[in-house]
Engineer: 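First the structure, which I've put down as structure tokens, then a few questions once you've had a look.
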Amino acid sequence: MPLKPRVGLIMATRDGLAPWKTTTRVLAEAKERNMEVAVAVDHRSTDGTEDAVRPLADHLIDFHNDVPYCEDVLDELTASIRAPWCFLVSDDEWPSPALWKFAADAHRKEALIYRPRMVAVLPDWSGHYRPLMTAQPRVFPRDSIRWPKGGIDILPLRALPERDIAEVLWHFNLWSPRAEREAKVIAHEEAWQKNWDAHPWPAGSRRAYLWEDFPDEIGPLEDLEKYR
């Protein structure tokens, strides 16, 4: 008899079958590691994402979204699972082997909010892009975080201290076509302006996504190679 899941992987996705996305791979790996799986599918998806993720999801949420961010559904995702710990992974990310193991063993760790090392890797693993090497809460007790509604990049409300960890979460949205990233930048900048009170400084979307325009921000993988 399989053990009761102690960790739930949560993900929000839109058009999760795009070539640069890892949606089904992540969900299948989570199931293989005996994680509970909750997925929110943006209703604007047109590539059959819902049908593809249905067999892999314990909980499937139809996300009626009209903005370029998914924070508004994250509370619903965490509430849908029964496992006491959550592992948040986006549909264009892949946890390193060390991070998979860390997340799967989270229920044995101190009750903190853990932030892995975020690394945006360039196409063909030719290097990494510094602006996306940011810390975000990704492994946490289910009831320790709440996301405020109605804003882009608004930090969640936290009930526990946070701890940075060395394990890497690879980010692959830089592998998407330039036109896709340019459209994302425009949408993010518009949403940022609408939520200016939450963060009254210029959006960093162009630096974050248009890596070709900022060659000085690109660094070698070097010591990160071991995390692949």
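As the structure is a computational prediction, the values presented were derived from the model and not from experiment. Heads up: numbering here begins at 1 and tracks the sequence.
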Engineer: List the atom of Leu160, the atom of Pro141, and the distance in Å for their closest heavy-atom pair.
Structural biologist: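 Heavy atoms of Leu160 and Pro141 come nearest at CD1-CG, 3.6 Å.
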
Engineer: Less than 6.0 angstrom separating the ring centers of Trp170 and Trp125, yes or no?
Structural biologist: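 Ring centroids of Trp170 and Trp125 are less than 6.0 Å from each other.
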
Engineer: Are the side chains of Leu9 and Leu27 in touch, meaning some heavy atoms are under 4.5 Å apart?
Structural biologist: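 Touching, per the 4.5 Å side-chain cut-off.
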
Engineer: Hey, would you say the Tyr114 and Phe140 ring centroids sit under 6.0 Å apart?
Structural biologist: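 Distance test on ring centres: not under 6.0 Å, no.
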
Engineer: Any sub-3.5 Å donor-acceptor pair from Tyr129's side-chain atoms to Arg207's backbone N or O?
Structural biologist: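 Between the backbone of Arg207 and the side chain of Tyr129 there is a qualifying donor-acceptor contact (under 3.5 Å).
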
Engineer: Counting distance only, does the side-chain N/O of Asp124 pair as donor-acceptor with the main-chain N or O of Ser126 below 3.5 Å?
Structural biologist: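 Such a contact is absent between Asp124 side chain and Ser126 backbone.
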
Engineer: Can you check whether Val168's main-chain N or O pairs, donor with acceptor, with Ser96's side chain at less than 3.5 Å?
Structural biologist: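 Indeed, once roles are kept as given, a pair shorter than 3.5 Å links the two residues.
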
Engineer: Stepwise, does the salt bridge (charged side-chain N to carboxylate O under 4.0 Å, His left out) test hold for Glu189 with Arg206?
Structural biologist: CA-CA 9 Å; Glu189 288 179 342; Arg206 292 184 181 275; 2.9 Å; yes

Engineer: So do Leu174 and Val121 actually touch side chain to side chain, heavy atoms under 4.5 Å?
Structural biologist: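 Side chain of Val121 against side chain of Leu174, heavy atoms only: no contact under 4.5 Å found.
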
Engineer: Could you check whether any side-chain N or O of Lys21 sits under 3.5 Å from a backbone N or O of Arg14, counting only pairs where one atom can act as donor and the other as acceptor?
Structural biologist: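 Here the side-chain-to-backbone pair exists.
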
Engineer: So which atom in Ser45 and which in Val41 form the shortest heavy-atom distance, rounded to 0.1 Å?
Structural biologist: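 Shortest heavy-atom separation between Ser45 and Val41 comes out as OG-CG1, 3.9 Å.
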
Engineer: Is there side-chain contact between Glu36 and His59, with heavy atoms separated by less than 4.5 Å?
Structural biologist: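 In contact.
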
Engineer: Could you tell me how the ring of His64 sits relative to the ring of His43: parallel (under 30°), tilted (30 to 60°) or perpendicular (over 60°)?
Structural biologist: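 Plane angle under 30°, so parallel.
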
Engineer: Could you tell me which residues satisfy ring pair (Phe, Tyr, Trp, His ring centres under 6.0 Å) with His107, sequence neighbours excluded, listed by chain and number?
Structural biologist: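 Per chain and number, His107 pairs via ring pair (Phe, Tyr, Trp, His ring centres under 6.0 Å) with no residue.
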
Engineer: Kindly compute the distance separating CD (Gln136) from CD (Glu162), expressed to the nearest 0.5 Å.
Structural biologist: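 The CD atom of Glu162 is 10.5 Å from CD of Gln136, to the nearest 0.5 Å.
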
Engineer: Output yes when Arg130 and Glu217 qualify as a salt bridge under the 4.0 Å nitrogen-oxygen rule, no when they do not.
Structural biologist: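 Salt bridge: no.
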
Engineer: Does Lys184 come within less than 4.0 Å of Glu180, counting only side-chain N to carboxylate O?
Structural biologist: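 Between Glu180 and Lys184 there is no salt bridge, as every charged N stays at least 4.0 Å from the carboxylate O atoms.
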
Engineer: Is the shortest distance from a Lys or Arg side-chain nitrogen in Arg33 or Asp105 to a carboxylate oxygen in the other one below 4.0 Å?
Structural biologist: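 No.
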
Engineer: Would you compute the distance between atom OG1 of Thr78 and atom CG of Leu74 and round it to the nearest 0.5 angstrom?
Structural biologist: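 Taking OG1 in Thr78 and CG in Leu74, the distance rounds to 7.5 Å.
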
Engineer: In Å and rounded to the nearest 0.5 Å, what is the CD to CG distance from Glu32 to Leu56?
Structural biologist: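 It is 11.5 Å, given to the nearest 0.5 Å.
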
Engineer: Does Trp85 reach the main-chain N or O of Ala111 with its side chain, forming a donor-acceptor pair under 3.5 Å?
Structural biologist: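 No: the side chain of Trp85 does not pair with the backbone of Ala111.
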
Engineer: Lys194 vs Glu190, test: salt bridge (charged side-chain N to carboxylate O under 4.0 Å, His left out). Steps then yes/no.
Structural biologist: CA-CA 7 Å; Lys194 291 178 181 178; Glu190 290 176 350; 5.9 Å; no

Engineer: Tell me if a side-chain donor or acceptor on Arg142 pairs with a main-chain N or O of Ala83 at a distance below 3.5 Å.
Structural biologist: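 Yes; at least one donor-acceptor contact below 3.5 Å.
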
Engineer: Does Asp58 pair with Lys31 as a salt bridge, N-O distance under 4.0 Å?
Structural biologist: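 Result for this pair is yes, salt bridge flagged.
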
Engineer: Are any of the side-chain heavy atoms of Pro95 and Phe87 separated by less than 4.5 Å?
Structural biologist: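 Pro95 vs Phe87: side chains touch.
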
Engineer: Mind checking whether Pro177 and Trp20 have side chains closer than 4.5 Å, heavy atoms only?
Structural biologist: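 Pro177 vs Trp20: side chains touch.
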
Engineer: I would like to know whether Glu110 and Arg163 meet salt bridge (charged side-chain N to carboxylate O under 4.0 Å, His left out); could you show each step before the answer?
Structural biologist: CA-CA 10 Å; Glu110 186 178 359; Arg163 177 175 294 171; 3.4 Å; yes

Engineer: With a 4.5 Å heavy-atom cut-off, do Arg117 and Ile165 have their side chains touching?
Structural biologist: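 SC-SC contact between Arg117 and Ile165 ruled out.
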
Engineer: Is there a side-chain contact between Ile61 and Leu77 (heavy atoms, below 4.5 Å)?
Structural biologist: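 The answer is yes; the side chains approach within 4.5 Å.
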
Engineer: Following the transitive rule for hydrophobic clusters with a side-chain heavy-atom cut-off under 4.5 Å over Ile, Leu, Val, Met, Phe, Trp and Tyr, establish whether Leu210 and Ile186 coincide in one cluster.
Structural biologist: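 Per the 4.5 Å side-chain linkage, Leu210 and Ile186 are not co-clustered.
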
Engineer: I'd like to know if Glu167 pairs up with Arg115 as an ion pair, taking the criterion as any Lys NZ or Arg NE/NH1/NH2 lying under 4.0 Å from an Asp or Glu carboxylate oxygen.
Structural biologist: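 Here Glu167 does not pair with Arg115 in a salt bridge, since their nearest N and O are not under 4.0 Å apart.
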
Engineer: Step by step, work out the side-chain contact (heavy atoms from CB on, under 4.5 Å) result for Val73 and Glu76.
Structural biologist: CA-CA 5 Å; Val73 79; Glu76 190 174 351; 3.9 Å; yes

Engineer: Using a 3.5 Å distance criterion without hydrogens, assess whether the side chain of Trp100 forms a donor-acceptor pair with backbone atoms of Glu29.
Structural biologist: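 Between the backbone of Glu29 and the side chain of Trp100 there is no qualifying donor-acceptor contact (under 3.5 Å).
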
Engineer: How many angstroms lie between CD1 in Ile145 and CD1 in Ile113, if you round to the nearest 0.5 Å?
Structural biologist: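 With rounding to 0.5 Å, CD1 (Ile145) is 4.0 Å from CD1 (Ile113).
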
Engineer: For Ala30 and Val37, work out which heavy atoms get closest and say how close.
Structural biologist: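 Answer, listing the atom of Ala30 first, then Val37: CB-CG2, 3.9 Å.
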
Engineer: Applying a strict under-4.5 Å side-chain criterion to I, L, V, M, F, W and Y, I'd like to know whether Leu112 and Val7 cluster together.
Structural biologist: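 Both belong to a single hydrophobic cluster.
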
Engineer: Is the closest side-chain heavy-atom distance between Phe172 and Pro19 below 4.5 Å?
Structural biologist: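 No, too far: nothing below the 4.5 Å cut-off.
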
Engineer: Any side-chain to backbone donor/acceptor pair from Thr22 onto Glu93? Under 3.5 Å, distance only.
Structural biologist: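 Looks like yes, one N/O pair under 3.5 Å.
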
Engineer: As an exercise, state the distance from CG of Asp47 to CG of Leu17, rounded to the nearest 0.5 Å.
Structural biologist: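 Reported to 0.5 Å precision, the distance equals 4.0 Å.
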
Engineer: Any chance you could measure Arg146, atom CZ, to Leu157, atom CG, to the nearest 0.5 Å?
Structural biologist: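 One gets 9.5 Å once the value is rounded to the nearest 0.5 Å.
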
Engineer: Check whether NZ of the Lys or CZ of the Arg Arg25 lies under 6.0 Å from the centre of the six-membered ring of Trp94 and within 45 degrees of that ring's axis.
Structural biologist: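 So Arg25 does make the cation-pi contact.
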
Engineer: For Asp15 and Thr46, indicate whether the former's side chain and the latter's backbone hold a donor-acceptor pair under 3.5 Å.
Structural biologist: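 Between the backbone of Thr46 and the side chain of Asp15 there is a qualifying donor-acceptor contact (under 3.5 Å).
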
Engineer: Which atom pair, heavy atoms only, marks the closest approach of Pro123 to Trp211?
Structural biologist: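 Pro123 and Trp211 have their closest heavy atoms at CD-CZ2, 3.9 Å.
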
Engineer: Report the C-alpha distance between Ser90 and Asp92 in whole Å, list the side-chain angles of each, state the deciding distance to 0.1 Å, and finish with yes or no for side chain to side chain donor-acceptor pair (under 3.5 Å).
Structural biologist: CA-CA 6 Å; Ser90 296; Asp92 57 3; 4.6 Å; no

Engineer: Do the charged groups of Arg178 and Glu212 touch, with an N to O distance under 4.0 Å?
Structural biologist: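 Answer for the salt bridge query: yes.
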
